[in-house]
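First comes the structure, then the notes that go with it.
Proteins get letters first, then strands, A, B, ... in listed order; numbering begins at 1 in each.
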Amino acid sequence: MNAATPLASSDLLAIYDLMVQSRILEEQLIKMFKQGHGFFWIGGPGEEAFNVPLGKLIKKGQGLDYDFLHLHYRSNAVLLAMGMDPVDPIRQMRNTATDTHSGGRNFCGHLSKPEWNLTPITSPIEVQYVTAIGTGIAQRDHKTDAITIVTGGDAGTAEGDFASCLVWSTRPGQELPILIIVTNNQGGISTSYATQHAERHIADRAKAFGMKTNVIDGNDVMESYAAIAEAMHYVRTERKPFLLEANVSRLYGHSSASGANFQAEEDPIARFRECLIQQNVLDVTSIKEIEEKHTQAIHALISQVLTERMPDPASIFDYTYWQQKGRVM
Amino acid sequence: MATYAQAVRMALHYAETHLGLSHVFGQDVGAPLGGVFTATQGLKTAWNTPLDERGIIGAAIGLAMAGKRCVAEIQFCDYIFNTIDLLKLAGNTCWSSNGGWCLPMTVMTPVGSGIRGSIYHSHSFDAMMTHIPGWKIVMPSNPKEAYGLMLACLQDQNPTMYLLPKALIYGKGDEAIPGEPSLDQEGSKQLREMIDKPVDPRLAAQWEPNWPTGLTDYTVPIGQGRIVREGADITVVSYGRTLPLCVKAAHRLAEQGIEAEVIDLRTLWPYDWELIATSILKTHAVLYVNEDTEVTNFGEHLIRRTVDELFYDLLAKPRLLAGEFIPGIGLAHTLEQASVPQLETIEKAISEVVAGKL
Ligand SMILES: Cc1ncc(C[n+]2csc(CCOP(=O)(O)OP(=O)(O)O)c2C)c(N)n1
């Protein structure tokens, strides 16, 4: 599918289905936290209308012929749209030995999947904008349509690493095929964007580098889908960077550290649901069916994960180095 | 006879020709300069970056993630400090992904005093760097091993930190790098003409390096130290700029009947404890020497391990001679001399430890 192709009803339904799956997963992860089945929750409820289309449009695979991903910690929906098993975030939430992304070592939302070029999502805000430079260089040299995709929040763009990405991706004659994405939820943990930033749009900063930019309503599926497809098409073919800023909601606050309680912001799923009902793609029965299907499936996965083993304490040394096991010295 | 800078350059040339090294980058690393210490002159894969250390380390991490072999240079280690969290990230990427990702990348950076570099061109980085797990850290002290350790780094699957003691960078060794022209004066001149970029801008503009054809895959394995001088009275463990000073001090002290065994650690992590321990079991006394500031110094770790494992084998207090714990190294000759170990202070410390033996 590219920018020009209108989405068929089946595509719209598939997107809706993934959005609901992702929301239910996030809500269940929050519940796991609140029930003491995990230590910390952070995730992306409120970003589904942007993140699902993004995941759908990624060229998925391993190595330079595929997109490299340097993602933010609110990206579960991106990965679900790429086909990730929902058991993965549940395992990470529970920090079991079976967690294939970090072996019980990292917070939920900190996914890593070499088979899909998903570089480890990490806590230090904005470092992904400099590691993206490296995969961008490799892909510039490699000359396929594969690109590097980096995402992050609005507050983090104050870090120098964001500026680094703008400078390095636009070196004259050495431009990098990087799709730079900022999901703007109007603030950091508690500090609002408006109190710290004079620039009207973050994307405006890229204009000084001659970069193409777009600012969109990331709560709108159709707008997001079209804008991502267009930006990707540009980066894939022109081999130059593009900065896409998407305004999104944050429906359960910053993380479990701030309570993870529902906040009255625009709900992109409710909005899309209305739109699909109006288009007769969705009816009350199917809405219920989709919700029940995912709720049951995720409940079953949680029950299963709660029986899975914790990492072996003796494993703490493993993989400090490549393929190494046990204490190094 | 190659200088240290020429040795690094030849190793990088060998690696870009034979080991898949595809990117050598940093500030002023590519043409026209080829590195502020000339270590990257003439390389076909060398290029200049923006003046942005975080971008440089980030780019190295990303290139490694993409399976590309690279060497990223930080012009002086004095300017690497704003990348510490990225060095942490490089060191924890394999571990935090539970073995999913490896990062075969090399960072090289000149360290230490000895060029009258004042406050911001004299920092050491070994104490800081050895606090960051997940890296392998080397610090060669002569051209031949500078060559061999670079090739080892470029064949490792992990992040490797290559510390170049800048006091030694234009110094020569007494052992030839396999494939370099002869070790004598004539050989040095020949090598200069082959691989040093002319200073005259008109000549430099058209210059092409003429690399020695017989360079080999000579490698110094990571993790192996070397006994540079044998002795029975005390073990002296050092690396980098202070290593040749320890050797010199040992030669001087031999005239007074003190026989010091000098070990060049070469790899700081994972280091060659077996070599150190075997030597201490023979000499029953040890002095660790480096020039980083002495508080939470890497040598303190070595002393702790010595005490933990070899206490009853010691006949004298184990000692560390390191840089003073001060904010920087002052420019004046007198200040620099007083700030970090010198030949005289090393000689004195060796004699004191030996004199204190039970
Ligand atoms: C370098 C760094 N500084 C501070 C933090 C603590 N912290 C975690 S998330 C966050 C706010 C990030 O806001 P933003 O970039 O807008 O992303 P959002 O969480 O809103 O998606 C802060 C300050 C951190 N993780 N890393």
Separation between [atom1] of [X] and [atom2] of [Y], rounded to the nearest 0.5 Å:
X      : Y      : atom1 : atom2 : result
B:T83  : A:D161 : OG1   : CG    : 10.5 Å
B:S97  : A:K113 : OG    : NZ    : 12.5 Å
B:C94  : A:Y319 : SG    : OH    : 8.5 Å
B:N158 : A:Q323 : CG    : CD    : 9.5 Å

Contact winner vs chain B - [options], heavy-atom pairs under 4.5 Å:
options                        : result
A:L111, A:V328, A:D141         : A:D141
A:S315, A:P114, A:S112, A:A163 : A:P114
A:E115, A:H110, A:H101         : A:H101
A:T148, A:N117, A:L118, A:V167 : A:L118

A quick test of your reading: do over 12 heavy atoms of other residues, nucleotides or ligands sit less than 6.0 Å from [atom1] of [X]?
X      : atom1 : answer
A:K59  : NZ    : yes
B:E274 : CD    : no
B:K282 : NZ    : yes
A:F39  : CZ    : no

Which region of A:T320, side chain (C-beta onward) or backbone (N, CA, C, O), has a non-hydrogen atom less than 4.5 Å from a non-hydrogen atom of chain B, or is it both or neither?
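Contact with chain B: backbone and side chain both.
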
Sole residue of B:N98, B:L89, B:T93 in side chain to side chain contact (heavy atoms under 4.5 Å, CB included) with A:P120:
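When side chain to side chain contact (heavy atoms under 4.5 Å, CB included) is applied between A:P120 and each of B:N98, B:L89, B:T93, only B:T93 qualifies.
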
Which class fits the ring pair B:F25 and A:W168: parallel under 30°, tilted 30 to 60°, perpendicular over 60°?
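Rings of B:F25 and A:W168: perpendicular, over 60°.
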
Under 3.5 Å: donor-acceptor pair, side chain of B:W95, backbone of A:I316
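Flag set: sc B:W95 to bb A:I316 pair under 3.5 Å.
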
Donor-acceptor pair, distance only, cut-off 3.5 Å: does the side chain of A:Y321 make one with the backbone of B:W135?
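Yes; judged by distance alone, with no hydrogens or angles, the pair exists.
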
For [X], is it the side chain, the backbone, both, or neither that has a heavy atom closer than 4.5 Å to a heavy atom of chain A?
X      : answer
B:D52  : both
B:K136 : both
B:W269 : side chain
B:N48  : backbone

Between chain A and each of [options], count heavy-atom pairs under 4.5 Å; write down the option with the most.
options                     : answer
B:K68, B:R54, B:Q157        : B:R54
B:N92, B:L103, B:T49        : B:T49
B:D85, B:I56, B:N82, B:I57  : B:I56
B:P50, B:S96, B:G91, B:P270 : B:P50

Heavy-atom pair with the smallest gap, counting every atom of B:G55 and A:I133:
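Shortest heavy-atom separation between B:G55 and A:I133 comes out as CA-CD1, 4.3 Å.
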
If you take all heavy atoms of B:W101 and A:F68, which pair is closest and at what distance?
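Heavy-atom minimum between the residues: CH2-CE2, 4.2 Å.
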
